[in-house]
Amino acid sequence: MTLSRREGVDIRPTLLRVLTDLYVQAKSHSGDEERQFVELASRLIDQVDDATRAAVKARLAVYPGTPAPIMQKLGLLPAQEGRRIPLAREIPAPAPEAAPARSPTEAELRMASNMSMQPKDAAEIHDMFFRATASERALILHNLAQTPLKAAPRIPTARAKRAIQILEMAAFAQDAESFALELDESLILPARVASQIVDDAGGEALAVAARALDMPSAAFQRILLFFKPEIGSSVNTVYRLSRLYDRLSERSALVMLAAWRGSTLAVTRAKYQSSLYDGERQRARATSGTSRPAVQPGASPAIRTGTGGSDR
């Protein structure tokens, strides 16, 4: 309302962003809420700039409850039973150079991954994925291939091959600690996220990590059978995850990898920002409110009498 009173200020981009943020905060909506959101957002999408439209599309692409008219207007495909999810276009390989290119260092990969998307968006995608059901996760991964979010860089081929061998050996031995440590090092993930992938009961997070390493489908199936008994003992679960893995595009996996990497920045900022801010206020308040006593402890005040200045 304050912006609308200023001349020359277009509040439609801000209004669309706020409406979208409020809508995705709830897991489900009533019929009236969905109808109102469709009516408002449909008009605003056609009236905002490309940057705002791209940001809203990225946010709604990973939200399982996006209304069908909005998905159609933004070019997102809703999931339907019995319909095969199309694979994303293959990412073209870089043209060979005359001289061998220097492989990026681990620090360079970390810097590139942290700049892929805003930490807040990365944390929201991370939390939304791990809270979602199996069908919702499949839809999220499918829509990530169509978002304008920047994907993480590919893992170098030599490093990925070595990681696949180590992960297979750890899976055969059912060594969860070594498995998580190798995911941490090879995918440049926070230890918290690597452990969350290993402990995930659904198995979709493990499929994303394997696709980011370009793991062969047969190797991924062997890991499912040996590493997690609760998954390997269920034929339906192994078949479902294998089918998901074969349809999972490399871009979707790399975008999710970027979200996993960037989510730790939002957690770190939220952990320290309030304490640092309040600490500055408390120190300033303590400094201004402290008064020096007139008489120091242990010293007796001198009493002057008479006019000659003699002490008693």
Side-chain angles (χ1 to χ4, degrees), residues 14-45 52-83 85 117-149 192-193 195-197 199-209 230-231 237 240-241 244 247-248 252-253 255-267 269-271:
T14 303
L15 179 59
L16 181 58
R17 287 176 179 267
V18 171
L19 285 174
T20 304
D21 290 340
L22 292 176
Y23 192 80
V24 302
Q25 287 179 6
K27 297 185 63 175
S28 61
H29 296 275
S30 64
D32 290 338
E33 292 175 345
E34 181 176 338
R35 183 169 57 256
Q36 291 173 4
F37 178 74
V38 170
E39 292 176 356
L40 291 173
S42 297
R43 293 196 298 267
L44 292 173
I45 288 173
T52 301
R53 192 180 299 109
V56 171
K57 179 178 180 180
R59 183 65 57 85
L60 293 176
V62 297
Y63 180 65
T66 302
I70 299 299
M71 296 189 72
Q72 182 178 4
K73 197 169 191 64
L74 293 174
L76 301 173
L77 299 178
Q80 297 178 3
E81 293 293 335
R83 188 188 71 182
I85 298 178
M117 63 181 72
Q118 295 297 322
K120 179 182 177 182
D121 295 335
E124 289 183 359
I125 294 174
H126 168 274
D127 295 340
M128 189 178 297
F129 177 81
F130 279 102
R131 288 197 308 262
T133 62
S135 58
E136 292 173 346
R137 288 181 176 185
L139 179 60
I140 289 173
L141 293 174
H142 169 58
N143 286 331
L144 281 180
Q146 308 174 42
T147 62
L149 298 174
R192 171 183 60 86
V193 179
S195 299
Q196 197 171 6
I197 294 173
D199 297 336
D200 180 51
E204 292 83 6
L206 187 61
V208 173
E230 62 275 14
I231 293 180
T237 304
R240 176 180 62 81
L241 291 175
L244 172 69
R247 296 177 176 179
L248 181 61
S252 296
V255 172
M256 182 59 71
L257 178 60
W260 285 343
R261 290 173 174 175
S263 64
T264 186
L265 294 178
V267 173
R269 291 180 180 178
K271 180 179 180 182

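Keep in mind it's a predicted model, so treat the numbers as computed, not measured.
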Hey, what do you get for [atom1] ([X]) to [atom2] ([Y]), rounding to the nearest 0.5 Å?
X	Y	atom1	atom2	result
T52	I45	OG1	CD1	11.0 Å
F130	D199	CZ	CG	9.5 Å
Y23	E34	OH	CD	4.5 Å
R43	K73	CZ	NZ	11.0 Å
H126	R131	NE2	CZ	10.5 Å
W260	R192	CH2	CZ	12.0 Å

Side chains of [X] and [Y] in contact at under 4.5 Å (non-hydrogen atoms):
X	Y	value
M71	N143	yes
K57	T147	no
T66	L74	no
R137	D200	yes
K27	P64	no
V208	L257	no

Heavy-atom pair with the smallest gap, counting every atom of [X] and [Y]:
X	Y	result
A138	L244	CB-CD1, 4.2 Å
S42	V38	OG-O, 2.5 Å
P67	F37	CG-CD2, 4.1 Å
L76	A61	CD1-CA, 3.7 Å
I231	G203	CD1-CA, 4.1 Å
G262	A122	C-CB, 3.7 Å

Check the pair R240, E204 against side chain to side chain contact (heavy atoms under 4.5 Å, CB included), reporting the backbone distance first and the verdict last. CA-CA 10 Å; R240 176 180 62 81; E204 292 83 6; 2.7 Å; yes
Could you check D21, I70, T20 and say which one makes a side-chain contact (heavy atoms from CB on, under 4.5 Å) with V56? T20
With a 4.0 Å cut-off, would you call R59 and E124 a salt bridge? yes
